[in-house]
Amino acid sequence: MATIAEALAGASPLASVSDSWRLDAELLLAGVLGERREYLHTWPERELAQQQARAFQDLLRRRQEGEPVAYLIGRKAFWDFELSVNANVLIPRPETELLVERALELGDKRRDEQGGGLSVADLGTGSGAIAIAVARSRPDWQLVAVDLSEGALDLARANADALAVPNIQFRLGSWCEVLADASCDLIIANPPYVGSGDPHLVEGSLPFEPQMALVAAEAGLADLQAITRQGTRCLKCGGWLLMEHGFNQSQAVRELLTEMSYRHVESRRDLAGVERMVAAQWMEAHDA
Ligand code: GLN
């Protein structure tokens, strides 16, 4: 039987589909063994049981066909925790941590001005990544996590339970539909923003991910636009809307926000230097 070291060395053909093939192989093998990656380096000479070797080969074959590691092992690291993921939800991306970071900063500023906890909505929560990151970081804030997919909402709820995060309510629905008027200090969203027919949809992990989490009409802008419009009803005066968007959409999204009378519209770059998210403040008082 192969040792751990031999099994990992045997994964080198993955190099043809993945730049990170060694890491991929380690994550897959650790998943099969039910151990952390460090275990593989501590016990390279340990022999795999036949069933483990077979399970690993099966995962390597699926990876070779393009299936993302996160779906194969059902786990993905985000912020300072790990989430369960499945094909009902988008795999959380490192770029999206930028949205969390800015939400915490803007929320803290607002809390300093207003006092008390904040009401925060995460629209299209998927695995729950954003809502859970914010809720864990600020236990006195109240989160509402919304998704149109029951499968996604079930998973988000299970993730929050597994991490013992108590300050999130889960609601099935479309964007702001389930939120009361003038109820939110922050609205955060990573909506679908890839245009249908975009060539990226057949690349990398995207073919395996749910279309409803990726693709939006009007060159990917339709949902960003809907949230911008609906946010005006649900944000408190002085509340912030934060949205992730596509690599070439920052100007269009800033224009949408300005047209809808949002103020203090600001774009932020991701680690690749691409403008990837926008924040804007709703400054109008709502009529009683
Ligand atoms: N960031 C993802 C990608 O382009 C898309 C995520 C989304 O549509 N919200 O790979």
Side-chain angles (χ1 to χ4, degrees), residues 17-20 24 63 66-72 76-79 83 85-103 121-134 145-149 151-153 155-156 159 174-176 186-228 230-231 241-254 256-257 267-280:
V17 293
S18 170
D19 292 338
S20 57
D24 293 4
R63 181 71 192 109
E67 236 177 293
V69 174
Y71 287 155
L72 291 173
K76 178 71 185 178
F78 183 81
W79 200 246
L83 292 164
V85 293
N86 62 33
N88 287 320
V89 300
L90 200 72
I91 299 165
R93 309 284 205 269
E95 299 88 281
T96 303
E97 292 174 352
L98 182 67
L99 208 56
V100 173
E101 224 170 83
R102 194 64 189 134
D122 172 21
L123 305 183
T125 195
S127 62
I130 294 172
I132 292 171
V134 172
V146 180
D147 210 290
L148 193 55
S149 152
L153 215 56
L155 184 65
N159 276 323
S174 170
W175 307 137
C176 294
L186 302 177
I187 293 178
I188 314 171
N190 175 18
Y193 54 66
V194 182
S196 58
D198 187 305
H200 293 102
L201 289 170
V202 298
E203 286 176 12
S205 60
L206 270 60
F208 295 88
E209 295 182 280
Q211 294 282 302
M212 78 178 276
L214 286 171
V215 181
E218 291 170 51
L221 289 168
D223 291 306
L224 290 158
Q225 188 168 22
I227 293 167
T228 300
Q230 295 174 21
L241 172 61
L242 298 99
M243 298 186 293
E244 182 175 315
H245 57 66
F247 69 98
N248 56 1
Q249 292 171 330
S250 64
Q251 191 181 341
V253 174
R254 282 196 301 269
L256 284 175
L257 288 157
S267 295
R268 293 265 159 150
R269 293 178 194 278
D270 62 18
L271 292 173
V274 176
E275 285 183 337
R276 178 60 68 180
M277 64 149 284
V278 71

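All ligand and atom numbering here is 1-based and tracks the order in the structure. In this chain, numbering begins with 1 at the start of the sequence shown. All values derive from a computational prediction rather than experimental measurement.
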* **Test log, rule salt bridge (Lys or Arg N to Asp or Glu O under 4.0 Å), inputs Glu101 and Arg276** => CA-CA 13 Å; Glu101 224 170 83; Arg276 178 60 68 180; over 6 Å; no
* Carefully, step by step, assess Val134 and Ile188 under the rule side-chain contact (heavy atoms from CB on, under 4.5 Å). => CA-CA 10 Å; Val134 172; Ile188 314 171; 4.0 Å; yes
* Among protein heavy atoms, which sits nearest to atom 10 (O) of ligand 1, and what does the distance come to when rounded to 0.1 Å? -> Arg93 NH2, 3.0 Å
* Structure fact -> If you scan protein heavy atoms around atom 1 (N) of ligand 1, the nearest is Tyr193 OH, 2.8 Å
* Glu203 atom CD: more than 12 heavy-atom contacts under 6.0 Å -> yes
Atoms in ligand 1 flagged as close to [X], the criterion being non-hydrogen separation under 4.0 Å:
| X | answer |
| --- | --- |
| Pro191 | 7 (C), 8 (O), 9 (N) |
| Leu214 | 5 (C), 8 (O) |
| Leu206 | 10 (O) |
| Leu90 | 6 (C) |

* Where's the contact between His200 and ligand 1, heavy-atom distance under 4.0 Å: side chain, backbone, both or neither? -> neither
* To do: Report the part of Ala213 in contact with ligand 1, treating N, CA, C, O as backbone and CB onward as side chain, heavy atoms under 4.0 Å; options are side chain, backbone, both, neither.
  => backbone
* To do: Indicate yes or no for a side-chain donor-acceptor contact from Asn190 to the backbone of Glu244 under 3.5 Å, with no hydrogens or angles considered.
  => no
* Between the side chain of Gln249 and the main-chain N/O of Tyr193, is any donor-acceptor distance below 3.5 Å? -> yes
* Asked: Should Tyr71 and Lys76 count as side-chain neighbours, where that means a heavy-atom distance under 4.5 Å?
  -> no
* Asked: What residues form a side chain to side chain donor-acceptor pair (under 3.5 Å) with Arg254, not counting sequence neighbours?
  -> Ser267, Glu275
* So, is Asn190 polar-close to ligand 1, with some N/O to N/O distance under 3.5 Å? -> yes
